[in-house]
Amino acid sequence: KAGVTQTPRYLIKTRGQQVTLSCSPISGHRSVSWYQQTPGQGLQFLFEYFSETQRNKGNFPGRFSGRQFSNSRSEMNVSTLELGDSALYLCASSLEPREKLFFGSGTQLSVL
Amino acid sequence: AQKVTQAQTEISVVEKEDVTLDCVYETRDTTYYLFWYKQPPSGELVFLIRRNSFDEQNEISGRYSWNFQKSTSSFNFTITASQVVDSAVYFCALSESDYKLSFGAGTTVTVRA
């Protein structure tokens with residue numbers, strides 16, 4: 001069974017641009033969540049989707065948004081990038097909420 | 001307020017030594033789940049164990065064991081007979097009723113040959 005796939009693996013952007021990250025969950029998993037990892041703040045929850053519905057959002061500005069499609073694939077978008085958005089963005093999927101999460105390898109975003 | 005506290009920032013041991021990682025959590029929920037994840041240098045978080053708040057039975061799985069004590073809100077994790085491949089950052093996490101994981105800051109474990 002294929003694991004959680006995140007694309008792209010690395011991304012370099014400049015301030016003010018926007019970016020879209022993609023996540024394909026494990027087949028059959030309906031819950032997809034996103035986390036931001038930085039050396040200073042650690043792992044922080046961004047949002048969680050289940051059957052195309054966002055059920056919870058972390059404490060991030062409105063520039064961070066996401067969506068989930070009917071095939072459970074998910075995207076997250078960050079508009080008007082800031083230097084502080086440089087981070088590893090991790091996507092995770094699970095069969096049901098609160099089951100063990102399976103994480104992808106992440107997208108390393110660098111904002112210059 | 002930090003919901004999950006991992007007081008140990010770094011631990012360095014020699015191969016075959018045991019390593020115990022401390023985790024203290026804070027929640028008002030009566031039903032919650034606790035996890036341990038490992039993050040090797042490759043970056044992918046790897047699931048290790050999951051316990052629910054109603055099951056305080058401590059278990060051993062291979063070289064891994066855990067000690068869950070509700071009375072002290074602690075969920076400690078032990079690696080027995082450590083190996084170099086165990087070198088990684090270990091995260092304790094809490095799942096409450098809000099569909100998210102709250103992670104601790106992580107403990108970097110270095111196992112020297």
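Chain naming here is simple, since letters A, B, ... match the order of the sequence lines and numbering starts at 1 in each.
For chain B, no part of A:S33 is nearby; none of its heavy atoms comes within less than 4.5 Å. Contact annotation for A:L101: both backbone and side-chain heavy atoms come within less than 4.5 Å of a heavy atom of chain B. Only the side chain of A:Q37 comes within less than 4.5 Å of a heavy atom of chain B; its backbone N, CA, C and O stay farther away. For a residue to count as touching a neighbouring chain, one of its non-hydrogen atoms must lie under 4.5 Å from one of that chain's; by this rule A:L90 touches chain B with the side chain only.
Contact detail for A:F45 and B:L101: the closest heavy-atom pair is CB-O, 4.3 Å.
In terms of non-hydrogen atom pairs under 4.5 Å with chain B, the most contact-rich of A:G106, A:G104, A:G42 is A:G104.
Linking ILVMFWY residues whenever their side-chain heavy atoms come closer than 4.5 Å, directly or via other members, places A:V111 and A:L46 in the same cluster. Linking Ile, Leu, Val, Met, Phe, Trp and Tyr residues whenever their side-chain heavy atoms come within less than 4.5 Å leaves A:V4 and B:F47 in two separate clusters. A:F60 and A:V78 fall within the same hydrophobic cluster, defined by Ile, Leu, Val, Met, Phe, Trp and Tyr side-chain heavy atoms under 4.5 Å apart, directly or through other members. Hydrophobic clustering (ILVMFWY, side-chain heavy atoms < 4.5 Å, transitive): A:F103 and A:I26 are in distinct clusters. Residue B:F75 is grouped with residue B:V19 when hydrophobic side chains (ILVMFWY) are merged at heavy-atom distances under 4.5 angstrom, including chains of intermediate members.
Chain A is approached within less than 4.5 Å, heavy atom to heavy atom, by B:T31, B:Y32, B:Y33, B:F35, B:Y37, B:Q39, B:S42, B:G43, B:E44, B:L45 from residues 28-45 of chain B, ordered by number.
Within 6.0 Å of CG in A:N71 there are more than 12 heavy atoms belonging to other residues, nucleotides or ligands. The local environment of CZ in A:R15 is sparse, with at most 12 non-hydrogen atoms from other residues, nucleotides or ligands closer than 6.0 Å.
Interatomic distance, NZ of A:K100 versus CG of B:L48, reported as 10.5 Å (0.5 Å rounding). With rounding to the nearest 0.5 Å, the separation of CZ in A:R55 from NZ in B:K100 is 14.0 Å.
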List the steps and the verdict of ring pair (Phe, Tyr, Trp, His ring centres under 6.0 Å) for A:Y35 and B:F103. CA-CA 10 Å; A:Y35 291 82; B:F103 285 89; 5.5 Å; yes

